[in-house]
Novice: 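Mind having a look at this structure? Questions to follow.
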Amino acid sequence: MPGAVSRGPAAGDGRLRLARLALVLLGWVSASAPSSSVPSSSTSPAAFLASGSVQPPPAERCPAACECSEAARTVKCVNRNLVEVPADLPSYVRNLFLTGNQMTVLPAGAFARRPPLADLATLNLSGNHLKEVCAGAFDHLPGLRHLDLSHNPLTNLSAFAFAGSNASGSAPSPLVDLILNHIVPPEDQRQNGSFEGMVAFEGMVAAALRSGFALQGLRHLELASNHFLYLPRDLLAPLPSLKHLDLRNNSLVSLTYASFRNLTHLESLHLEDNALKVLHNSTLAEWQSLASVRVYLDNNPWVCDCYIADMVAWLKETEVVPDKARLTCAFPEKMRNRALLDLSSSDLDCDSILPPSLQTSYVFLGIVLALIGAIFLLVLYLNRKGIKKWMHNIRDACRDHMEGYHYRYEINADPRLTNLSSNSDV
């Protein structure tokens, strides 16, 4: 029996070695299995990871001139002297900043990619020296909600820039916010001189905004610092969903041609720092009819004469203008800096609006006309006898002429005299 006891440990060690070898072989077989095989529930986690059946997707490459944050889904290509939109933008981008570069033209399909940039919602192209935005430049961006084209000297903004290459055949633009501040080109780049060039520029912007009602879902529009003189007719009609309109720091002298009647959702209208002198009753009535609008009118050169009386009365009663207490007169000189709300009807006199130089001119003109009239009357008085004789001669000539007509009428009315006149040879 001692021999059997001595053989027990050796046999146990052999079985342990066999078990370890079996485990090693099992792990090797699992590792060599094809990646497409489905792991069973009995397979260990280590063997499943070793099989390579699940691999993380490869990370998308960031353009060399940009900074990318996949977690924030943001790409920034700022002040990199780019002349075109990078072609290798990652498809995950939601916020794209292409500011301060050297792009002068934004061609059609500038953001066409494969795979498409379907999630791009915010696009900032400000300060890029853009002069031309072609039709369909923002095609292939179905999720675009916020677009900023500020501080670009646009000389050619296509009428179909926001409506695609063909407004009649394209769906409405998804844009909600559109910022077009300071896009007016320098004066030397405007066509047909300064005033005509400004009119053409205003028409160009208006055509792009109302083309095919593509921006009917737009809620926020900024057109500040563009030197607008007038708002083109029917500019706002194709924007029924507009809630915020910013027209600050322009040169607006009148709102006669602008209609706000269709902007039933308008909540804020900024008209500060313009050249408005008076607002007419039609405009005031339109604002009063809007349910929740707030109009800001500070820093305009109001002319406090009799023509502003209706506006002053309206301001005293309405709550539409939050900054009405800060509105002051700019003309005439004696009423400068007086608050509009403090004016009464006796203060509003149209006679006092003329500057002293113009008043002097009218006085001098009156004196000259009075002198001419006096000379004319003097000439008539000195020639009264000749004029009287001339009038008598004219009267006698007219009497003889009328008597001749009367005599002919009598002859024509008497048939006997008519026959006698026709047989004058008897």
Novice: Should the heavy atoms of other residues, nucleotides or ligands under 6.0 Å from CD of E84 be counted, would the total exceed 12?
Specialist: no
Novice: Assess whether side-chain contact (heavy atoms from CB on, under 4.5 Å) is satisfied between V199 and Y230, documenting all intermediate values.
Specialist: CA-CA 8 Å; V199 173; Y230 294 91; over 6 Å; no
Novice: Can you check whether I183's main-chain N or O pairs, donor with acceptor, with N152's side chain at less than 3.5 Å?
Specialist: no
Novice: Where do P153 and P186 come nearest, in terms of heavy atoms and distance?
Specialist: CB-CD, 4.0 Å
Novice: Work out which heavy atom in L279 is nearest to a heavy atom in M311; give both atom names and the distance.
Specialist: N-SD, 3.7 Å
Novice: Is there side-chain contact between L106 and L125, with heavy atoms separated by less than 4.5 Å?
Specialist: yes
Novice: I need the L255 CG to L271 CG distance, nearest 0.5 Å.
Specialist: 6.0 Å
Novice: Assess whether atom CD of Q102 is packed by more than 12 heavy atoms of other residues, nucleotides or ligands within 6.0 Å.
Specialist: yes
Novice: Does R219 have more than 12 heavy atoms from other residues, nucleotides or ligands lying within 6.0 Å of its CZ?
Specialist: no
Novice: Between E286 and R261, does at least one N-O distance fall below 4.0 Å, as a salt bridge requires?
Specialist: yes
Novice: Specify the closest pair of heavy atoms between P332 and C304, including all atoms of both residues, with the distance to one decimal.
Specialist: CD-O, 3.7 Å
Novice: With the side chain counted from C-beta on, respond yes when H182 and S150 share a heavy-atom pair under 4.5 Å apart, and no when they do not.
Specialist: no
Novice: Are H220 and D177 close enough that a side-chain donor and a side-chain acceptor fall under 3.5 Å?
Specialist: no
Novice: Between the side chain of N383 and the main-chain N/O of L380, is any donor-acceptor distance below 3.5 Å?
Specialist: no
Novice: Could you check whether any side-chain N or O of S211 sits under 3.5 Å from a backbone N or O of F160, counting only pairs where one atom can act as donor and the other as acceptor?
Specialist: no
Novice: Can you confirm whether V253 sits close enough to N274 that some side-chain heavy atom of one is under 4.5 Å from a side-chain heavy atom of the other?
Specialist: no
Novice: Between N226 and N249, is there a donor-acceptor pair closer than 3.5 Å when you use the side chain of the first and the backbone of the second?
Specialist: no
Novice: How many angstroms lie between atom CG of L89 and atom CG of L96, to the nearest 0.5 angstrom?
Specialist: 5.5 Å
Novice: Step by step, would you call N124 with T99 a side-chain contact (heavy atoms from CB on, under 4.5 Å)?
Specialist: CA-CA 7 Å; N124 192 328; T99 61; 3.3 Å; yes
Novice: Please report the C-alpha distance between D273 and N299 in whole Å, then the side-chain angles of each, then the deciding distance to 0.1 Å, and finally whether the side-chain hydrogen bond (donor to acceptor under 3.5 Å, both in side chains) criterion is met.
Specialist: CA-CA 5 Å; D273 300 294; N299 291 331; 3.3 Å; yes
Novice: What I want to check is whether the side chains of E60 and S91 have a donor and an acceptor closer together than 3.5 Å.
Specialist: yes
Novice: Where do H227 and E187 land on the side-chain contact (heavy atoms from CB on, under 4.5 Å) test, with the steps shown first?
Specialist: CA-CA 11 Å; H227 303 300; E187 185 173 346; over 6 Å; no
Novice: Distance from L315 atom CG to I308 atom CD1, nearest 0.5 Å?
Specialist: 8.0 Å
Novice: Do L221 and L242 touch side chain to side chain, with heavy atoms closer than 4.5 Å?
Specialist: yes
Novice: Would you compute the distance between atom CG of L266 and atom OG of S292 and round it to the nearest 0.5 angstrom?
Specialist: 7.5 Å
Novice: Check R210 against R233 and note the closest heavy-atom contact, atom names and distance.
Specialist: NH1-O, 2.8 Å
Novice: Evaluate the side-chain proximity of V320 to W314: yes if any heavy-atom separation is below 4.5 Å, no if none is.
Specialist: yes
Novice: Calculate, to the nearest 0.5 Å, the distance between atoms CG and CG belonging to L178 and D148 respectively.
Specialist: 8.5 Å
Novice: Please find the pair of heavy atoms, one from Y92 and one from C68, that lie closest to each other, and give the distance.
Specialist: OH-CB, 3.4 Å
Novice: If I take atom NE2 from residue H151 and atom OG from residue S126, how far apart are they, to the nearest 0.5 angstrom?
Specialist: 7.0 Å
Novice: Between D347 (side chain) and S345 (backbone), is there a donor-acceptor pair under 3.5 Å?
Specialist: no
Novice: Can you check side-chain hydrogen bond (donor to acceptor under 3.5 Å, both in side chains) on T104 and H129, steps first, answer last?
Specialist: CA-CA 5 Å; T104 58; H129 301 90; over 6 Å; no
Novice: Only one of I372, L377, L371 forms a side-chain contact (heavy atoms from CB on, under 4.5 Å) with I375, so which one is it?
Specialist: L371
Novice: Under a plain distance cut-off of 3.5 Å, with no hydrogens placed, do S225 and N181 share a side-chain donor-acceptor pair?
Specialist: no
Novice: Would you say L130 and L149 make side-chain contact, with heavy atoms under 4.5 Å?
Specialist: yes
Novice: Can you tell me if S282 uses its side chain to pair, donor with acceptor, with the backbone of H280 under 3.5 Å?
Specialist: no
Novice: Checking N101 side chain against M103 main chain: does a donor-acceptor pair fall under 3.5 Å?
Specialist: no
Novice: Is D88 salt-bridged to R113, going by a charged N under 4.0 Å from an acidic O?
Specialist: no
Novice: Mind running side-chain contact (heavy atoms from CB on, under 4.5 Å) on Y257 and L231 for me, showing each step along the way?
Specialist: CA-CA 7 Å; Y257 301 109; L231 289 182; over 6 Å; no
Novice: What's the shortest heavy-atom distance between L340 and C329, and which atoms?
Specialist: CD1-N, 3.6 Å
Novice: Pick from R326, K324, H270: which one makes a side chain to side chain donor-acceptor pair (under 3.5 Å) with D298?
Specialist: R326
Novice: Sub-3.5 Å donor-acceptor pair from the side chain of N250 to the main-chain atoms of L223, do we have one?
Specialist: yes
Novice: I'd like to know if D119 pairs up with R73 as an ion pair, taking the criterion as any Lys NZ or Arg NE/NH1/NH2 lying under 4.0 Å from an Asp or Glu carboxylate oxygen.
Specialist: yes
Novice: Would you say R80's side chain and A65's backbone share a donor-acceptor pair under 3.5 angstrom?
Specialist: yes
Novice: Under 6.0 Å between ring centres, would you say that holds for H140 and F111?
Specialist: no
Novice: Any side-chain donor-acceptor pair under 3.5 Å between T155 and E132?
Specialist: no
Novice: Just wondering, do F228 and F201 contact through their side chains at under 4.5 Å, heavy atoms?
Specialist: yes
Novice: When you compare the side chain of L269 with that of Y296, does any pair of heavy atoms fall below 4.5 Å?
Specialist: no
Novice: Is there a donor-acceptor pair under 3.5 Å between the side chain of N128 and the backbone N or O of L98?
Specialist: yes
